[in-house]
Every structure is written in C-alpha cells, then in structure tokens.
Amino acid sequence: MATYDIVVVGAGHAGCEAALAASRLGASTALLTINLDEIGKMPCNPAIGGPGKSQLVREIDALGGEMARVTDASMIHIRMLNTSKGAAMQVRRAQADRGLYKRTWKLLLENASHLSIIEGMVDRLIVRDRRVTGVYLREGLEISARAVIVAVGTFLNGRVLLGDVAYAAGRAGEPPSVAFAQSLQDLGFPLIRLKTGTPPRVHRDTLDVSHLERQDTSEQPLAFSFWSQPRILPNNLPVYVSHTNEATHRIITESLKESSNYNGLIAGEGPRHCPSLETKIVKFPGRTSHKVFLEPEGTDSTEVYLQGIYTAFSPEVQQRIVHSIPGLEAAHIERYGYNIEYDFIDPLHLSPTLEAQSIGGLYFAGQINGTTGYEEAAAQGLLAGINAVRKIRDENPFVLSRGDSFIGVLVDDLVTKGITEPYRMLPSRAEYRITLREGNAVLRLSQMGHQIGLLSESRYEKVVRYKERLDQLLSELHDTRVGPGDPINAQLIERGSTPLSNNGASLFELLRRPHIQLADLMSVDALPEDVIEEAQIQGKYAGYLMQQNREIQRLRRLEHLIIPDDMDFRCLDNLSIEGRDLLARVKPHTFGQASRVPGVSQADLSMLAIHLRR
C-alpha cells in the first residue's frame with residue numbers, strides 16, 4: 001500500500017493546480033489520472049481568459065499558481081477585450097496551442113518535487129470515523145492519505161449525447177467514473193445532473209475565410225502572468241468571425257427533435273450563459289444571426305474550433321448547419337459536437353475551504369462542484385490544494401472573501417447560494433469589480449501567496465519593487481501642489497479642462513480629471529508602463545475606489561463575526577422556521593456569509609446577530 005500526505009483525483013485544470021500547490025508546499029502528493037497523456041487537457045475551447053475568467057487567471061498567478069504561465073508558454077494568439085470600456089472591464093483572452101498547453105502542464109508536474117503521477121481509476125474513497133484516509137483504485141491498489149482532493153470534472157456517471165445516440169463516457173473517447181460516483185452516494189453526497197456541450201471542429205484547409213472578419217493577435221506586447229515577459233506573437237493564426245443566418249435557423253427549427261437537447265434524452269440543466277445553438281434559436285426567435293468564432297487549435301493542428309455553435313444534433317444535421325454558415329460551405333467536420341451529462345455534488349455541502357462539511361480531509365474542486373470553465377476549475381483546485389496541506393498541518397484555513405478577489409466571489413457563491421445550472425464566473429457577480437481588477441491582482445494577493453509559501457522569494461521581490469515605485473509615484477502626485485502660475489495650467493486649458501483657481505490643486509486631483517493623463521502632469525519617460533497605467537487608474541477611479549473600499553471594510557467586519565461550527569440553527573427559537581432551515585442547510589461560518597444566504601430575512605439576521613453577541 002502506497003502512502004502520501006495528499007491524493008488528488010483527476011488531472012484536469014483543478015487537479016493540476018491542486019497537485020502542484022500541495023507538492024510545492026512540501027506535502028508528498030499523488031496525482032491520479034485515468035490517462036497520463038491527457039493531463040491538463042482542454043476538452044472544450046482552446047482559449048483562456050475573457051470577462052470574469054481573466055481575473056481568475058491573474059489571481060491564480062498572484063497566489064503562486066501556474067495557469068497564467070502555462071498559457072503564456074503555449075499561446076498562439078492574444079488580445080485585450082473591451083478596450084472601449086473602463087479599466088475594470090478590460091481583460092486578456094488568449095488562444096492556446098491545445099497540444100502544447102497539455103504537454104507544458106505534464107512536463108511541469110513530472111518535474112515537480114514531492115509529486116508522483118499515477119495512472120489509474122479511483123473506485124472508492126476510504127473513510128474511517130467520518131475522516132477520509134485514502135482511496136482504492138480499480139487496478140487493486142490502495143493508497144492511504146491524510147487528505148484527498150476530488151477533481152474529476154465531468155466523469156461521474158458521464159454520458160455523451162448527440163441526436164438520438166447516447167453512450168457512457170467521461171469525455172468523448174474516455175470512460176466514465178461509475179463506481180466512484182456510487183461511493184460518493186454511499187457516503188451521503190446526493191448527486192445531481194448537469195450538462196454542457198462542445199461544437200464541431202472542422203479542417204482548416206476546407207474553409208473560405210476571404211470574406212470573414214479577421215481578429216489579429218495584439219500589436220502590443222502582452223502576457224498573462226506578471227512574471228512572464230510580454231511579447232508580440234506571430235500573426236499567422238488569426239481568429240475569424242462568421243455568423244449564422246436565416247438558413248441556419250430554419251434548419252435548426254425544422255430539426256429540433258433530432259437534438260438531444262429537445263428529444264427528451266437529457267435531464268441535466270445546461271449553462272444559461274453559454275447555451276447550445278439550438279437553445280439560442282428557441283429562446284431568442286427574434287435574432288436573425290449569432291456570431292461564430294473560428295478559433296485555431298494549434299500550430300501543429302489543422303482543426304478549427306467553431307466557438308458559438310455548441311450543439312447536440314445528429315451528425316447529419318450538424319453538417320447541414322455548418323455548411324449554411326458563410327465561410328464554412330465546404331467545411332469538413334473532423335469532430336462532431338456533442339453534449340455531455342454528468343453528476344455533481346451540491347456545493348452547499350462544502351465549507352469555504354472547499355472541504356466537505358461531513359467528512360474531514362475531503363476536498364472537492366472544479367466541475368464536480370457545479371462550475372463550468374477551465375479558469376473556475378483551476379481557481380478551486382489551487383484553493384483546495386492550499387487548504388488540504390494547511391489542514392494536515394493544523395494551520396489556519398485559507399479563505400478569500402468577496403472583497404479580496406474574484407476567487408472569493410466564486411467560492412462564496414458556491415457554498416452559500418448553491419447552483420441550479422453550471423456556474424460561470426461573470427464580472428457582474430462581483431460587487432467590488434472596480435477594486436478587483438485584472439491588472440491589480442498582484443497588488444491584492446501576492447503577499448498572501450508569499451506568506452502561504454507558494455509564491456517564491458524571487459517572484460515576490462519583483463512585486464515589492466513594483467509596489468514601491470507605484471507608492472512613490474502616488475505619494476509624489478498627492479504631495480505636489482500647483483497653482484494658476486504653473487505651466488501645467490496652460491496644459492489644462494489646452495486639454496479643455498478647467499484652469500486652476502488661486503487655491504491650486506494636487507497633481508493627483510488633476511489626474512482625476514477625465515481628459516488629463518499622467519504625461520500631461522509630469523515626465524514619465526523613466527517610469528515602467530505598468531506603474532503608469534495603475535497610477536492613472538487609481539486617479540481616474542479614486543471616488544469609486546474609496547466608496548468600494550468602505551464597503552469592503554464593512555464586509556470584513558461582518559466576516560470577522562464568527563459563527564461556531566457546532567451552532568445548531570434549528571434551536572434558535574427567535575428565528576423564523578424558514579430562516580432556521582435555510583441557515584441549517586448552508587451552515588454559514590460567519591455572519592457575513594449568513595447575510596448572503598438566499599431567503600434569510602433581515603429580521604432573522606438581526607436575531608442571529610443578537611444571539612452571537614451574547
């Protein structure tokens with residue numbers, strides 16, 4: 001029997017980050033996967049980032065995770081999105097070489113200290129006295145562990161569907177995990193069904209892109225990781241944009257019964273924010289077209305991913321749909337789109353550390369918690385890996401709040417509100433998104449990553465130098481005052497800004513004005529670009545940032561009001577029956593979390609606060 005500190009089940013994005021974090025913290029770790037060649041696989045779109053997701057990637061990077069650096073090593077195309085909007089909405093999105101991304105993860109994990117990779121399928125968890133003690137593999141091997149992280153993605157009772165065809169699979173071409181699903185049920189975890197989908201992939205040489213909109217890679221040097229050197233990529237693998245049309249929609253409308261989404265085969269709920277093409281047509285009948293993005297899969301691949309037309313139609317109907325779209329009239333489909341239906345556990349059974357409330361040392365991360373997306377999975381994996389190690393060392397748990405990060409919002413939403421559909425991180429879910437920008441992730445979280453032990457001294461030193469230069473610049477802007485006689489006044493008038501009064505103003509106050517840039521106020525030639533950018537954002541958004549910081553401080557006061565783990569909410573007679581039931585179901589750990597439980601009234605919260613003060 002093999003023995004480890006930590007066992008991670010599954011080597012997708014959640015499992016990779018979890019295993020790497022645990023091993024880097026010095027815990028002997030085993031990463032279990034059913035196929036060594038599929039470690040770090042991107043089974044859906046070959047892209048990282050976008051609104052809500054890019055913030056997660058940058059936060060993972062700031063804490064010492066690896067998704068950003070793996071993306072930088074394998075990207076073939078990168079752009080800034082929402083550049084016409086404010087700084088809080090501007091985010092990166094990169095197209096990765098699917099094969100290189102996977103190989104980069106595998107090599108990174110194979111060379112990690114304290115980490116062993118084992119090919120095998122877990123059949124059941126070993127639990128004694130309500131604490132996990134290991135796993136048992138289908139191959140007959142028992143592995144003991146002090147903590148187990150379950151990151152099995154869509155493999156629990158997974159089933160692939162297209163048209164009227166359905167077959168068991170965790171992903172296309174890979175077996176489902178059936179015995180392990182039963183093991184979780186036997187331990188008291190009720191399993192619920194969800195579904196997600198993929199689009200067809202077509203051969204690049206069969207496309208006609210001559211009349212399609214072309215999206216080139218950025219002309220400015222970009223990188224995802226704070227520690228990667230920004231670079232300009234070769235512009236030989238652009239993304240093209242086409243659109244569905246009336247012919248496409250007619251084919252879909254006339255063939256709905258040939259889609260697994262509408263013929264009764266699927267019971268699971270699908271993602272509302274990333275629906276299938278047929279669902280778009282049904283729910284938005286007034287729309288005459290929908291965008292289709294033709295995304296390259298890699299430098300050594302001829303496959304092109306048709307982002308935007310997720311479908312569960314039969315192959316014959318998929319061909320008709322694809323051929324009706326401009327540029328795809330002669331496209332050869334190499335892989336047909338499909339839906340996958342799978343089991344997940346209700347995340348309300350988890351604590352904010354992602355540990356199961358009912359079984360000590362057992363953690364869940366990724367799509368098994370009801371999320372969808374690589375970035376959401378990786379963020380949970382990193383958090384679970386950190387907390388599993390801290391658990392076995394009797395250290396304080398690591399929990400991020402909604403005021404700290406998008407990761408904090410993600411986890412708090414899962415364990416407090418639960419889900420009714422696959423959860424996708426969106427900027428609108430974060431109340432403090434102006435404060436939680438993609439660009440300031442290292443300023444918010446790198447100190448935490450360093451204190452935990454994930455962020456190395458050399459990496460952290462770069463953040464310290466960056467912050468020192470930024471603080472020095474901001475201090476100079478606040479301390480330097482100018483009056484009507486200063487040459488800057490003429491610059492203000494030229495920019496169409498109000499001239500200075502006799503009272504004058506600080507340079508920071510002038511920077512807050514809409515049309516004034518830092519270069520209008522001082523020489524910036526010796527300043528790094530990222531320092532200039534952050535200083536300008538802090539100036540332009542100063543009022544909003546001050547307001548949100550006040551709200552975040554209030555949130556932290558609520559989070560510091562701890563609810564004892566043994567609190568029996570059903571015995572609190574001064575709360576309503578509904579309030580007691582809702583709180584008992586979620587088992588909030590702080591008053592702040594209790595205040596966000598859906599359905600709990602203000603009156604019940606007031607009574608709970610009185611009880612906690614007593």
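All figures in this text were calculated on a predicted structure; none of them were measured in a lab.
- Residues forming a salt bridge (Lys or Arg N to Asp or Glu O under 4.0 Å) with E551 (at least two apart in sequence, or on another chain): none.
- A donor-acceptor contact closer than 3.5 angstrom links the side chains of S601 and D604.
- In the model, T416 has a side-chain atom that pairs as donor or acceptor with a side-chain atom of Q593 under 3.5 Å.
- Defined by atom type and a distance below 3.5 Å, a donor-acceptor pair is missing between the side-chain atoms of Q55 and E59.
- No hydrogens or angles considered: a donor-acceptor pair under 3.5 Å links the side chains of T435 and Q548.
- Legend: residues meeting ring pair (Phe, Tyr, Trp, His ring centres under 6.0 Å) with F293, ordered by chain and number and at least two apart, are absent.
- With 3.5 Å as the limit, one finds no donor-acceptor pair spanning the side chains of Q90 and N82.
- Under the salt bridge (Lys or Arg N to Asp or Glu O under 4.0 Å) criterion, R433 pairs with no residue at all, not counting sequence neighbours.
- Between R193 and D343 there is a salt bridge, since a side-chain N of the basic residue sits under 4.0 Å from a carboxylate O of the acidic one.
- Applying the side chain to side chain contact (heavy atoms under 4.5 Å, CB included) test to P176 and every residue at least two apart in sequence or in another chain returns A168, V178.
- Residues passing the salt bridge (Lys or Arg N to Asp or Glu O under 4.0 Å) test with R393: none are found, sequence neighbours excluded.
- Partners of S225 under the side chain to side chain donor-acceptor pair (under 3.5 Å) rule, at least two apart in sequence or in another chain, are D61.
- In terms of modelled atom types and a separation under 3.5 Å, the side chain of N440 and the main chain of R437 share a donor-acceptor contact.
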